[in-house]
Amino acid sequence: MSALSRESAFVLRETRLQVPPLVPEISLRLADEAMDLWQATEADLGKAGLPPPFWAFAWAGGQALARHVLDHPDIVRDTRVLDFAAGSGIVALAAKRAGARHVVAADIDPYARAAIRINAADNGLEIEASDTDYLDLGATGFDVVLAGDVFYERPMAARVEPFLRAAQTRGAAVLFGDPGRAYLPSAGIAPLASYDVPVPRAIEDRDVRTTRIWHFI
């Protein structure tokens with residue numbers, strides 16, 4: 001067996017296997033405290049000012065989108081799926097479990113990709129963890145593009161919305177889960193479903209967030 005990468009060793013050391021409340025079919029390596037993990041990540045890399053460890057939590061948008069895919073497997077069955085800004089990979093894992101032919105979980109954070117690979121192995125599922133920046137490349141070649149909780153920050157939202165709209169224009173089915181983040185598009189979208197998602201206080205200001213699955217119109 002090859003030696004673990006530093007990122008994989010970190011994920012295994014700093015998280016524990018848990019079951020997201022809304023998606024009990026999937027187990028994930030998750031953290032209990034955001035600040036402690038953030039500080040541990042900075043110490044591991046010897047850098048300050050790093051982005052938050054989004055990969056270590058089951059965010060409301062991702063849980064809801066994963067639930068929706070598992071409950072409606074026809075969305076992804078026998079398709080090529082991109083889980084954009086995949087974080088823990090919960091949506092990618094749900095897509096694969098629901099019958100997708102090939103799933104790419106894309107995230108530019110190397111710790112996220114390590115977590116995705118570990119989570120895939122823990123669940124006995126085969127998905128590809130990619131460092132490709134699809135915002136620059138576009139989502140050509142995918143039948144379905146899924147995104148959970150990507151409209152939390154203005155600069156990110158300003159790039160993600162045209163990227164997702166372009167994917168739909170090219171013929172992909174595009175769905176995104178969002179619990180009402182500040183930069184969710186205000187027009188040209190419609191809800192498909194709604195879920196009450198239990199979330200940890202470590203990352204939210206409440207215990208449950210009502211989260212919708214959206215598509216562009």
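Owing to the predicted nature of the structure, the values given are computational and were not obtained by experimental measurement. Numbering starts at 1 and runs along the sequence shown.
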Quick check: does any side chain N or O of [X] sit under 3.5 Å from a backbone N or O of [Y], one acting as donor and the other as acceptor?
X	Y	value
D133	I108	no
R212	L192	no
Q63	V197	no
R29	D122	no
Q168	F216	yes
D143	V76	no
R80	G141	yes
D109	G87	no
D178	G61	no
Q18	L30	yes

Please give me the minimum heavy-atom distance between [X] and [Y], naming the atom from each residue.
X	Y	result
A60	T211	CB-OG1, 3.4 Å
I127	A120	CG1-CB, 3.9 Å
A129	R117	O-NH2, 3.7 Å
L22	A64	CD2-CA, 3.9 Å
A167	V145	CB-CG2, 4.0 Å
A139	L82	CB-CD2, 4.1 Å

Could you see if [X] belongs to whatever hydrophobic cluster contains [Y]? Use Ile, Leu, Val, Met, Phe, Trp, Tyr and a side-chain cutoff under 4.5 Å.
X	Y	value
V81	I26	yes
L12	L93	no
V150	I90	no
V23	V144	yes

From [X] [atom1] over to [Y] [atom2], what is the distance, rounded to the nearest 0.5 angstrom?
X	Y	atom1	atom2	value
I116	W55	CD1	CH2	10.5 Å
L28	N123	CG	CG	6.5 Å
W214	F151	CH2	CZ	11.0 Å
L135	L164	CG	CG	8.5 Å
L65	L175	CG	CG	6.5 Å
I75	I213	CD1	CD1	8.5 Å

Discussion item. Can you confirm whether E25 sits close enough to R67 that some side-chain heavy atom of one is under 4.5 Å from a side-chain heavy atom of the other?
Written reply: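 With C-beta onward as the side chain, the pair touches.
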Discussion item. With heavy-atom distances below 4.5 Å as the criterion, would you say the side chains of S194 and T210 are in contact?
Written reply: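 A side-chain contact under 4.5 Å exists here.
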Fill in: Counterpart residues, salt bridge (charged side-chain N to carboxylate O under 4.0 Å, His left out), relative to D136 (two or more places apart)
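Residues passing salt bridge (charged side-chain N to carboxylate O under 4.0 Å, His left out) with D136: R159.
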Worksheet item: Going by the angle between their ring planes, with limits at 30° and 60°, are F57 and W59 parallel, tilted or perpendicular?
Response: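 F57 vs W59 ring planes: perpendicular.
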Discussion item. I'd like to check the side chain to side chain donor-acceptor pair (under 3.5 Å) partners of S8; sequence neighbours left out, ordered by chain and number.
Written reply: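 Here the qualifying residues are S5.
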Worksheet item: Checking salt bridge (charged side-chain N to carboxylate O under 4.0 Å, His left out) for the pair E204/R209: CA distance, chi angles, key distance, verdict?
Response: CA-CA 9 Å; E204 300 282 8; R209 291 203 69 119; 3.1 Å; yes
Discussion item. Let's go through V104 and T132 carefully: what are the C-alpha distance in whole Å and the side-chain angles of both, what is the deciding distance for side chain to side chain contact (heavy atoms under 4.5 Å, CB included) to 0.1 Å, and is it a yes or a no?
Written reply: CA-CA 10 Å; V104 174; T132 299; over 6 Å; no
Practice prompt. Any chance you could lay out the salt bridge (charged side-chain N to carboxylate O under 4.0 Å, His left out) test for R113 and E128, step after step, and finish with the verdict?
Written response: CA-CA 9 Å; R113 295 193 299 277; E128 178 185 345; over 6 Å; no
Worksheet item: Taking it one step at a time, do R6 and E14 satisfy salt bridge (charged side-chain N to carboxylate O under 4.0 Å, His left out)?
Response: CA-CA 12 Å; R6 181 178 68 184; E14 300 292 339; over 6 Å; no
Item to complete: Examine F10 together with Y111 and report whether their ring centres are nearer than 6.0 Å.
Response: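 When the ring centroids of F10 and Y111 are compared, they turn out to be within the sub-6.0 Å range.
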Practice prompt. Could you point out which residue of Y134, F176, F163 forms a ring pair (Phe, Tyr, Trp, His ring centres under 6.0 Å) with F84?
Written response: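 With F84 as partner, ring pair (Phe, Tyr, Trp, His ring centres under 6.0 Å) holds for just one option, F163.
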Below 3.5 Å, can you tabulate the donor-acceptor pairs from side chains in residues 183-191 to any protein atom, sequence neighbours excluded?
none

